[in-house]
2 protein chains.
Amino acid sequence: MSRRSTIYDVARVAGVSVGTVSRVLNGHPVGAASRAAVQRALVSTGYVANQHARRLAGARPATVAFLHCVPGDRLLADANVNTLQLDCRRALGDEDIMMVTPVAGGGPSDTAVRALAARLDDPVLVFSAPRDSTAVADLAGRGVPVVSCGVPLGHERRVSYVTTDDRDGAQQIVSYLRSRGRRRIATITGPMDLPGGVQRLAGYRDAVGTFDPALVVPGDYTFEGGLAATRQLLRQAPDLDAIFAASDTMAAGALAACEQAGRQVPGDVAVAGFDDAKIATQTRLTTVRIPWHRYAAQLTIQLLRRMAGDEPSGVVMPVDLVIRASA
Amino acid sequence: MSRRSTIYDVARVAGVSVGTVSRVLNGHPVGAASRAAVQRALVSTGYVANQHARRLAGARPATVAFLHCVPGDRLLADANVNTLQLDCRRALGDEDIMMVTPVAGGGPSDTAVRALAARLDDPVLVFSAPRDSTAVADLAGRGVPVVSCGVPLGHERRVSYVTTDDRDGAQQIVSYLRSRGRRRIATITGPMDLPGGVQRLAGYRDAVGTFDPALVVPGDYTFEGGLAATRQLLRQAPDLDAIFAASDTMAAGALAACEQAGRQVPGDVAVAGFDDAKIATQTRLTTVRIPWHRYAAQLTIQLLRRMAGDEPSGVVMPVDLVIRASA
DNA sequence: TTGTACGCGTTATCAG
DNA sequence: CTGATAACGCGTACAA
């Protein structure tokens, strides 16, 4: 209805020039008298900055894009990502930065995501970027600040990132299982094209002692995947006495499969997961805890740093064990 | 690194004026020769429009804000909202519109949301707007296209909305319970400051026959709320033989409470919910199905219409019963 | 300290 | 059909 007031309106009301108004707005040095007058005019006119004009004139970005490289459906399933996103939104909100969530029209294909990324000029937070993502390459090449959630395989030097010490976590939990007397420890891995999947398997190998291929089956981080993998495991290695799943969701599936197969948990077989996701609490799962809140905080810090012009850098968050009823 | 190319660059390469380039970009009439030249220049320069400049110059908004009026934490719990959001993102993505999700720094207070809304100038999709929301009033007053998910109590005439036939749904399910021989049907209501809560209770009253206050307890749409409400119900009306919860989440809580109290479902007491949320499938809950996908489609349509200048309008989605094991 | 004037990239108007 | 050119709202050198 009524046109929004501009800095010109404010300037007129305050009896100063637009330059002065702009300075007040950006915290630059201004005389006390003018400043007061502007402040007053600001509220009396109900001024709200036009972010487009502001950005066009070269101001700091007012938005950050949250870029997902996997189909939305799968994302919904991941409560961890939701938590991270929420935390980041809060933190960025404190900096007056809004989060935009573009979405790929076609699917999860790298090219679809790349097309999306092309229209982005504000800083970007990427999730689940596949190895050598061309979208990430594009962004980085154009000088857009990028922070990756997880190691950006193939672009470690050009974009900042925050990751977890997956290998150590897997090592810790497998060692724990061994310390509890388990000797036939199986594992359900994550997707091997994601860094987490690789590292968690590596940690398993580090700690498991003698490596038996029959005790390793691939998973995809889903409940159903965990279910199927466990059935296969129970078939090809009936004597196993522990299962380490690379994610809590899969571990929950393992729990269900064990129950169906009549195996007592943790009596007959111990089950452990990874992430300390919500479902881990609900099913009383022993798992590896990722400090999600601090993780999100780091993500935000990295982003702000890049925006301020700092060089890309990576940080890895430590993890620890949380022992519950399943192992 | 390298500056993004502008329409000036494109114009130079194509050997035409910026006006012509702009016309091509916006699908306005242009000579075949020029058009071809521009198209070529467009790809050869890798041109990507600057949305800020575009918007500043008066173009159609390229983003839509997804505004939540409740704290983020509660939102995560609501899978329905997530689904809606995802569907809308997809549909809007097809129109080259991105979704931004601002977040209130402080909390769910109406003033916090209002402050947020103040910086919005693009169309808005509001969720869980409380009665007489000042944020919505603000937006509508400034002429911002607003579409509400659910009836925007107090602003029915000024903003578009999509809602469900809550009253009818409640009526249907209570009638169903009666047809199955249930005579002491209790209900756990939703928050009374939300339209859904009010309407679902109204539908219950419509169909329940004789109304007994002892059979009605308030809920808050949460699992815990359903749990507590059911305990109270079982205490104050031990002879009840059915419970209609105003949301599936609460119904799940009711299921748990019944189990703990040793009441068989549906033998001793029938339990029904509302929404047909994910948890309803998992717990085999009889409930009222809301056509979420079509709901989202309507939301998008309404939004696009308002953007095109149409008057605000409301649409109500029909609902139907889905009978499962709980009743 | 403060005011002025220019530039940011597009769209749209107005002549040609 | 096409080419100039004036907005759009704000940041910021530059000048005073």
Side-chain angles (χ1 to χ4, degrees), chain A residues 2-39 41-42 45-63 96 118-122 142-144 307, chain B residues 2-39 41-42 45-63 96-97 118-122 142-144 307 309:
Chain A
S2 54
R3 198 177 55 80
R4 275 166 69 146
S5 55
T6 72
I7 62 173
Y8 289 99
D9 302 319
V10 177
R12 186 162 9 83
V13 173
V16 299
S17 77
V18 294
T20 302
V21 176
S22 180
R23 290 183 195 105
V24 171
L25 252 23
N26 296 291
H28 297 167
V30 170
S34 316
R35 154 157 281 126
V38 172
Q39 304 278 29
L42 242 24
T45 57
Y47 171 82
V48 178
N50 179 320
Q51 300 299 341
H52 301 293
R54 181 175 278 211
R55 184 90 175 95
L56 189 57
R60 182 183 98 160
T63 67
D96 268 319
R119 23 194 75 206
L120 266 32
D121 60 332
D122 290 339
R142 270 164 41 211
V144 173
M307 286 200 246
Chain B
S2 55
R3 196 176 56 79
R4 274 165 72 146
S5 55
T6 73
I7 62 173
Y8 287 100
D9 302 320
V10 178
R12 187 162 10 84
V13 172
V16 299
S17 76
V18 294
T20 301
V21 176
S22 179
R23 290 182 194 106
V24 171
L25 253 23
N26 297 290
H28 297 168
V30 171
S34 315
R35 153 157 282 126
V38 171
Q39 305 277 31
L42 243 24
T45 58
Y47 171 82
V48 177
N50 178 323
Q51 300 299 341
H52 301 293
R54 179 173 278 206
R55 184 90 177 94
L56 187 57
R60 181 183 101 160
T63 68
D96 267 320
I97 294 176
R119 22 195 76 209
L120 267 31
D121 59 334
D122 290 339
R142 271 165 39 213
V144 173
M307 286 201 248

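Hydrogens, waters and symmetry mates are skipped; everything else that's a heavy atom, side chains included, is used. Reminder, nothing fancy here: chain letters follow the sequence lines and each chain counts from 1.
Backbone-only engagement by B:G31 is indicated by non-hydrogen atom pairs under 4.0 Å involving sugar-phosphate atoms exclusively. Using a 4.0 Å heavy-atom distance criterion, B:V21 is classed as making no nucleic acid contact. Across all strands, A:G19 comes closer than 4.0 Å to base atoms (heavy-atom distances). As judged by a 4.0 angstrom heavy-atom cut-off over every strand, B:T20 is placed among residues touching the sugar-phosphate backbone only. Across all strands shown, A:R23 has heavy atoms under 4.0 Å from base atoms, whether or not it also approaches the sugar-phosphate.
Taking atom CG of residue B:L56 and atom P of nucleotide D:dC10, one finds them 9 Å apart after rounding to whole Å. Protein atom CD1 of A:I7 is 15 Å distant from nucleotide atom P of C:dT2, rounded to whole Å. In this structure, the NE2 atom of B:H28 is 13 Å from the P atom of D:dC1, given to the nearest Å. Atom CZ of B:R55 and atom C1' of D:dA7 are 15 Å apart (whole Å). Distance, A:L42 CG to D:dC10 P: 11 Å, rounded to whole Å. Between B:R60 atom CZ and C:dA12 atom P there is a gap of 13 Å when expressed in whole angstrom units. Put simply, CZ on A:R12 is 20 Å from P on C:dT2, counting in whole angstrom units. Summarising the geometry, the separation between CG on A:D9 and C1' on D:dC10 is reported as 13 Å, rounded to the nearest angstrom.
Of the residues near DNA chain C, B:T6 and A:R35, the one whose nearest nucleotide (by heavy atom distance) lies more toward the 5' end is A:R35. Between B:G58 and B:V30, it is B:V30 whose nearest contact on DNA chain D lies nearer the 5' terminus. The residue among B:H52 and A:A33 whose nearest nucleotide of DNA chain C lies closer to the 5′ end is A:A33.
Using modelled atom types, one side-chain atom of B:R4 and one backbone atom of B:A49 make a donor-acceptor pair closer than 3.5 Å. Listed for the B:R35 side chain is no donor-acceptor partner under 3.5 Å among the backbone atoms of B:P29.
Taking only side-chain nitrogens and oxygens, B:S22 comes nearer than 4.0 Å to OP1 or OP2 of C:dT11. Distances shown here put every side-chain N or O of B:N50 at or beyond 4.0 Å from the OP1 or OP2 atom of C:dC8. Taking side-chain N and O atoms only, B:S34 has no distance below 4.0 Å to OP1 or OP2 of D:dC1.
Inter-residue side-chain proximity for A:L42 and A:L25 is flagged as met; some heavy-atom pair is nearer than 4.5 Å. The closest side-chain heavy-atom distance from B:Y47 to B:V21 is not below 4.5 Å.
Just one residue in the list B:V13, B:V48, B:T45 forms a side chain to side chain contact (heavy atoms under 4.5 Å, CB included) with B:S5, and that residue is B:T45.
Side chain B:Y8 to base C:dC8: no donor-acceptor pair is found below 3.5 Å.
The minimum heavy-atom distance between B:V38 and B:T20, with the atom names listed, is CG2-CG2, 4.4 Å.
When distances are taken from the side chain of B:R54 to each of C:dA12, C:dT11, C:dG9, the shortest belongs to C:dT11. Considering only side-chain atoms of A:S17, the nucleotide from C:dT4, D:dG11, C:dT1 that sits closest is C:dT4. Ranking C:dT10, C:dG7, D:dT5 by closeness to the B:V18 side chain, first place goes to D:dT5.
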